[in-house]
Amino acid sequence: MKKHNFYAGPSILSEYTIKNTAAAVENFAGTGLSLMEVSHRGKEFVAVMDEARALVKELLDVPESHEVIFLGGGASLQFCMVPFNLLNRKAAYLDSGTWASKAIKEAKFFGEVEVVASSKDRNYSYIPKNYTISPDAEYFHITTNNTIFGTELHHIPDVSVPLVSDMSSDIFARPVDVSRFDVIYAGAQKNLAPSGVAVVIVRRDALGRVERPIPSMLNYRIHVDNGSMYNTPPVVPVYAALQTLKWYKEQGGITVIQQKNIEKATILYDEIDRNRLFTGTAAVEDRSLMNVCFVMKEEYKALESAFNEYASARGIVGIKGHRSVGGFRASLYNAMPKSSVEALIEAMKSFEQTV
């Protein structure tokens, strides 16, 4: 039976990425050695790292003012690294979900944190708007997509202070004007690679401004100067990331991928709104293209487990909602084919007929 993988992360990867990475695990670049056992200083892997960084720049049109680095630790480490490298006295944060609140918690170790707005009052079901940012804030941190609650910033805010963004779950899902940001970071395990690595895009002249000493492993400049090779990088995830980036280029680039994502999300939200059993949990204007969250309507709550089992019997996996929201969550990352979304929609329609 074909499996339709809707897990929120680690999540679906393209067949291209899986097959090429599996082949390299057996025999990397004709060396006769596994990717898992080669030196990261060898010319074969150095070429992988260089190509991966170059493709990020190409696909996102990264300006010359910025550098791309691959770091271990995932996005959660970046909650600490961003303020360590950028925050002297005061930073502004938008509290739009669980991961934003975790980033806020870490930043408070390094300086004053101004939470300009929060949607916690309605269980993060919308994106806060109409807030004011103090002009003396050294940066403004946003989380562009909220995987748990199914909300997304569809427009990057126009602010007068430097921008920093966690784009873990929607990087490469749409074009972005990188020049507007001092730092963009993203954990790999949603739209890029297996877990264990993060991609960071950093403006060079944003570095070196803080007064505190920064440990080498947490210093962006050290990693920039060493081409992501200051320490041993997560070799297999970086190789997988390169395969995904190549696949994105083969698909026609980020604008083409964005259109596919819009199509997938539109047909699923249309069914949620049509179906008498289900209702969405996120404010309509803030609905995520990546993580579609929905629940059974109140009068059908008792059927949630039954629908989960019904979908699972049809090869649909990973749709159980996060405990903070309940219900269901269908993650439609870039590698998710439209046919899988259609399979979920068909299951929703046919289950409706049984009630």
Side-chain angles (χ1 to χ4, degrees), residues 3 5 7-60 62 67-81 167-169 171-172 184-202 214-251 317-318 333-336:
K3 294 289 186 177
N5 180 5
Y7 279 111
S11 55
I12 189 170
L13 292 167
S14 71
E15 290 185 10
Y16 181 100
T17 298
I18 293 170
K19 288 179 178 179
N20 288 350
T21 304
V25 166
E26 291 193 345
N27 183 358
F28 170 56
T31 61
L33 300 172
S34 170
L35 174 63
M36 297 187 294
E37 62 183 351
V38 298
S39 169
H40 66 292
R41 302 290 182 188
K43 67 179 194 268
E44 293 86 1
F45 187 76
V46 170
V48 167
M49 181 66 81
D50 289 346
E51 187 177 3
R53 291 168 57 228
L55 269 177
V56 173
K57 291 181 178 181
E58 179 182 343
L59 288 165
L60 293 180
V62 177
E67 293 287 349
V68 173
I69 48 179
F70 284 91
L71 301 176
S76 291
L77 182 59
Q78 298 309 309
F79 299 162
C80 161
M81 285 187 72
M167 293 189 183
S168 291
S169 51
I171 196 166
F172 303 112
I184 293 171
Y185 64 90
Q189 66 271 20
K190 301 174 192 308
N191 262 339
L192 190 59
S195 60
V197 70
V199 61
V200 180
I201 306 171
V202 57
I214 305 174
S216 297
M217 278 296 293
L218 299 177
N219 191 327
Y220 284 139
R221 179 168 281 174
I222 293 288
H223 292 287
V224 167
D225 290 346
N226 286 273
S228 301
M229 294 283 201
Y230 175 72
N231 66 311
T232 306
V235 172
V236 174
V238 171
Y239 185 87
L242 173 59
Q243 306 316 303
T244 300
L245 294 166
K246 287 180 175 180
W247 184 71
Y248 287 162
K249 187 172 180 178
E250 284 189 4
Q251 298 303 299
V317 299
Y333 300 125
N334 294 345
M336 170 62 65

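In this text, all values refer to a predicted model and were calculated from it rather than measured experimentally.
With sequence neighbours left out, Asp225 forms a salt bridge (charged side-chain N to carboxylate O under 4.0 Å, His left out) with no residue at all. Listed by chain and number, the residues in a side-chain contact (heavy atoms from CB on, under 4.5 Å) with Glu250 are Tyr16 (sequence neighbours excluded). For Gln251, the side chain to side chain donor-acceptor pair (under 3.5 Å) partners at least two apart in sequence or on another chain are Lys260. Remark: Ser14 engages Thr17 in a side chain to side chain donor-acceptor pair (under 3.5 Å) (not counting sequence neighbours). The side chain to side chain donor-acceptor pair (under 3.5 Å) test applied to Gln189 returns no partner, not counting sequence neighbours. With sequence neighbours excluded, the residues satisfying ring-ring contact (aromatic ring centres under 6.0 Å, His included) with Tyr248 are Phe172. Legend: residues meeting ring-ring contact (aromatic ring centres under 6.0 Å, His included) with Phe79, ordered by chain and number and at least two apart, are absent. Looking at residues two or more places apart in sequence or on another chain, you find a side chain to side chain donor-acceptor pair (under 3.5 Å) between Lys249 and Glu58. Partners of Phe28 under the ring-ring contact (aromatic ring centres under 6.0 Å, His included) rule, at least two apart in sequence or in another chain, are Tyr239.
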Could you pull out all donor-acceptor pairs under 3.5 Å where a side-chain atom in residues 40-54 meets a protein atom, sequence neighbours excluded?
from	atom 1	to	atom 2	distance (Å)
Arg41	NH1	Met229	O	3.0
Arg41	NH2	Met229	O	2.6
Arg53	NE	Val68	O	3.0

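The side chain to side chain donor-acceptor pair (under 3.5 Å) pairs that include a residue from residues 226-238 number zero, where partners must be two or more places apart or lie in different chains. Each side chain to side chain donor-acceptor pair (under 3.5 Å) pair with one or both residues in residues 19-33, not counting sequence neighbours, appears once here: Asn20-Gln243.
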